[in-house]
Structure formats: structure tokens, C-alpha cells
Amino acid sequence: MNPPRILLLTALPAFDYGNPHSAVAVYLDGIRRALEARGWEVLLSHAPAGGPAPLPRTAGGGGWQHRFRTRLPGLYHSLRVWRYLRAQRALLKRLESADCTHILEFLTYGSDLGLRLSRRSGAQLHVIYDSPLNTQNYELYGVYTVFRGLIERRERASVAHAAGLICYSGAVRAYLAARTRLPARVLELPCLLWKPVPEPEPHPGELNIGFIGSFLVWHRVEWLIAAFNEVAGEFPEARLQLIGYGQEWPRMSALAQESPYAARIEVPGFVDDAALNAYKARMDIGVMPGSNWYGSPLKLFEYAQCGIAMIAPDTPTVRGIFEAETEALFVDAREPQRSLAAQLRRLLADAALRARLGAAARRKMETQYAPEAYYDRLAEALR
């Protein structure tokens with residue numbers, strides 16, 4: 001019997017499966033390797049570009065595009081989406097000859113590619129539902145485009161046509177169930193990456209608080225800076241490291257420089273794996289101040305793999321993954337900044353609490369979210 005052949009699909013036109021700086025690329029490449037190890041033949045919607053991927057920038061741009069974007073954001077982003085959808089149609093044309101029995105699509109903004117390919121070929125479509133696409137696009141850019149209705153219709157149609165659905169939490173499943181028909185097979189499985197775990201490095205005289213992330217608006221890094229400003233005077237050994245880069249990085253960097261404790265705050269921008277491991281080896285507390293309600297908490301998983309005590313955002317998806325007071329402390333969504341400062345105080349003052357939370361979170365990663373068990377569940381859902 002021939003092995004099942006699956007097309008691993010994302011409709012991002014310029015996507016590179018070989019980009020180590022893209023969480024989606026690393027996630028999908030992990031799925032590719034796991035399926036191949038389990039006897040599947042995997043086709044990719046994009047060929048890896050080859051060569052080293054450029055590091056994310058650490059400075060913003062200006063010029064006429066910036067003026068256009070800020071003065072006429074609705075028109076600017078509508079034109080941007082129009083060009084993007086045209087590029088998706090070109091990708092669809094290139095993929096029409098793909099010979100596969102299954103399609104696994106990481107559903108992205110504007111896409112109905114998996115739906116169309118499945119209808120034409122008869123291949124089973126399975127959808128990884130990462131986010132409510134219009135909602136996430138609005139959160140990123142602060143504007144809806146003229147394509148809002150089209151995006152919504154394509155999203156609902158793709159989910160309804162799918163033979164199987166992978167979503168990150170029960171909250172996401174309930175959201176979709178209220179909007180469209182769900183497939184018979186639904187797997188609740190968060191997006192997860194596994195990274196090398198550095199050996200903890202002794203660092204007497206320091207208590208390091210870290211944020212690792214993409215500095216998107218929903219991460220609310222400003223809450224962490226404000227909370228650090230509130231507690232830093234009580235804990236002179238406390239240090240804050242804000243690691244990564246993204247949309248909000250320039251503003252957060254400026255806030256850090258304005259802090260009365262600026263000398264104890266590092267904002268290094270994007271760092272390579274060796275530098276990141278060095279930070280994690282000395283990290284006592286890992287913080288994710290905020291998140292959107294649907295997002296899979298990649299960085300919390302990263303802290304948990306390392307056994308770092310965590311402070312997590314109070315979202316239904318995260319609440320469904322980590323247990324409060326046992327595996328993480330939570331920010332109270334009703335008064336997030338005050339609550340975050342209080343949770344920082346607790347952890348800075350209590351080494352035993354830090355150790356207990358970190359050990360419990362690490363056990364979860366080594367059992368419930370161990371790679372073999374995780375990929376076994378995913379592969380079984382595709383059969």
C-alpha cells in the first residue's frame with residue numbers, strides 16, 4: 001500500500017519553510033518531520049529558500065509609505081490586501097497539480113486555497129485554525145479593510161468543508177461552533193515548539209525577570225515595565241530583560257529608557273540562539289504580560305521547558321493549558337498592571353515558590369506535551 005501523501009500548506013505568498021526565525025515555519029517543519037517519521041509522504045506548498053534567513057530589523061522605516069499608511073490607513077491596508085490576495089491566486093495556480101490524498105492547511109488571512117484544492121482533487125482537508133483572521137489583522141493594524149466580508153466568508157467555508165480541525169483551546173472551538181459548522185473531528189492542541197534547554201547558570205546577587213517575544217500590541221509589555229518600576233525599589237537585585245523584536249519594540253525601548261531604573265533594564269532586540277540561551281540560563285521569572293484570547297502561548301511553553309517560574313496572562317486559552325498557583329501565577333485581567341506588580345513581588349520574595357512553579361510547569365512539558373505524545377495525537381487526527 002502506498003503511504004498517504006499530504007500537502008502541508010500555508011497561503012502566505014512569500015513563506016519560507018526554512019526560516020528559523022519564523023515560529024510558523026519552525027512549527028510546520030516539526031510537523032513535517034514527525035509525519036515523515038510516521039510513514040507519511042509530505043509535500044510542501046513552498047520550497048525552502050535556502051541560505052541563512054535575515055534577522056528581524058531593529059529599526060523602523062519612514063518615507064512616503066509611512067505617510068500613506070498613517071494618513072489613509074483604510075486605503076493603504078486595502079491595497080496591501082488586494083496585492084496579497086493576487087499573490088495567493090498565483091500560489092493556488094502553482095499548487096493545482098499537487099498529487100496528494102490529504103491537505104493540512106495552516107489557515108492564514110484571506111486563504112481559501114486548501115478548500116479549492118480539496119474540492120478539485122478530492123483530497124481530505126484538515127485545518128489548523130490559528131486565529132480569527134479579521135480580528136487578528138485588526139489588532140495588528142487598527143483598521144478593517146474592504147475585504148473584511150470576503151475574509152470572513154472564506155474562513156468559515158474552509159472550516160466547514162474540512163474533514164478535521166486543529167484548534168488551540170476549548171474557547172477557540174466554542175467560538176467557531178457559534179459561527180460555522182464544525183468538522184466531525186476536532187482536536188484541541190496548542191501550537192508548540194521545542195527548543196534546547198540550557199543548563200541553569202548560577203547568578204548570585206541577581207534576580208532576573210524576562211520577557212521573550214515578538215513585542216506585538218497584545219503582549220502589553222508596557223504593563224511589565226510599569227510593574228517593574230513599582231517593585232524595583234523594593235528588590236535592588238531585580239533585573240529586567242525584554243528580549244526580541246516586533247511592532248511595539250521602539251515604543252517599549254523608549255519606555256525602558258525613561259524608567260527610573262533604566263540601568264537595570266536590558267532591551268537587546270532580537271538575539272541569536274546562543275545569546276537567548278544565555279539569558280534563559282539566568283532567568284528566574286518569565287513573564288507574558290498579555291495575550292489575545294485565542295493565542296497559543298509559545299513563550300510560556302518556552303519558559304516551562306526550562307523550569308522557569310511564570311506569570312501568565314488571564315486568557316481562556318492559557319487558563320485551559322496551565323493551572324493557576326500550581327504551574328503559573330496569573331495576571332488579573334480586571335487590574336492587570338497592579339496584579340502583575342503583586343505577582344512579581346510574590347516571586348521575587350519567595351525562592352521556594354519560584355522553584356515549585358517552575359518544576360511543575362516543566363513536568364507538564366515532559367509528560368503531557370512531550371514531543372512524541374504531541375505528534376502522535378496530531379498524526380492520529382489526520383487519519
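These numbers come from the heavy atoms of this one structure, side chains and all, not from hydrogens, waters or symmetry mates.
- Under a 4.0 Å N-O distance rule, the pair Asp273/Lys195 does not qualify as a salt bridge.
- Classified by interplanar angle (parallel below 30°, tilted 30° to 60°, perpendicular above 60°), the ring pair Phe215/Phe211 is perpendicular.
- Under the 4.0 Å criterion applied to side-chain N and carboxylate O atoms, Arg32 and Glu36 are assigned as salt-bridge partners.
- Taking the six-membered ring wherever Trp is involved, the centroid distance between the rings of Phe322 and Phe301 falls below 6.0 Å.
- Between Tyr109 and Tyr84, the ring planes are tilted. Angles from 30° to 60° get that label.
- When all heavy atoms of Leu357 and Thr326 are compared, the pair lying nearest together is CD2-O, 3.4 Å.
- When atom types are taken as modelled, the side chain of Ser296 and the backbone of Leu298 share no donor-acceptor pair closer than 3.5 angstrom.
- For Phe270 and Trp249, the ring centers sit 6.0 Å or farther from each other.
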Practice problem: Carefully, step by step, assess Trp194 and Tyr369 under the rule ring-ring contact (aromatic ring centres under 6.0 Å, His included). | Solution: CA-CA 10 Å; Trp194 291 269; Tyr369 291 118; 8.4 Å; no
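- In this structure, Arg38 pairs ionically with Glu372, as a charged nitrogen and a carboxylate oxygen lie closer than 4.0 Å.
- Using a cut-off of 4.0 Å between Lys/Arg side-chain N and Asp/Glu carboxylate O, Arg251 and Glu248 are scored as salt-bridged.
- Ion pairing of Lys364 with Glu323 is absent here, as no side-chain N (NZ or NE/NH1/NH2) approaches a carboxylate O to less than 4.0 Å.
- Between Glu201 and Arg282 there is a salt bridge, with a side-chain nitrogen of the basic residue lying less than 4.0 Å from a carboxylate oxygen of the acidic one.
- Using a 4.0 Å cut-off between charged side-chain N and carboxylate O, Asp29 and Arg33 make a salt bridge.
- The closest side-chain donor-acceptor pair between Asp130 and Tyr294, if any, does not fall under 3.5 angstrom.
- Ion pairing between Arg220 and Glu222 holds under the 4.0 Å rule for side-chain N and carboxylate O.
- The existence of a salt bridge linking Arg116 and Asp112 is confirmed by a sub-4.0 Å separation between a basic side-chain nitrogen and an acidic carboxylate oxygen.
- Electrostatic pairing of Arg179 and Glu152 counts as a salt bridge here, judged by a charged N lying under 4.0 Å from a carboxylate O.
- If you check the side chains of Gln136 and Asn292, you find no donor sitting under 3.5 Å from an acceptor.
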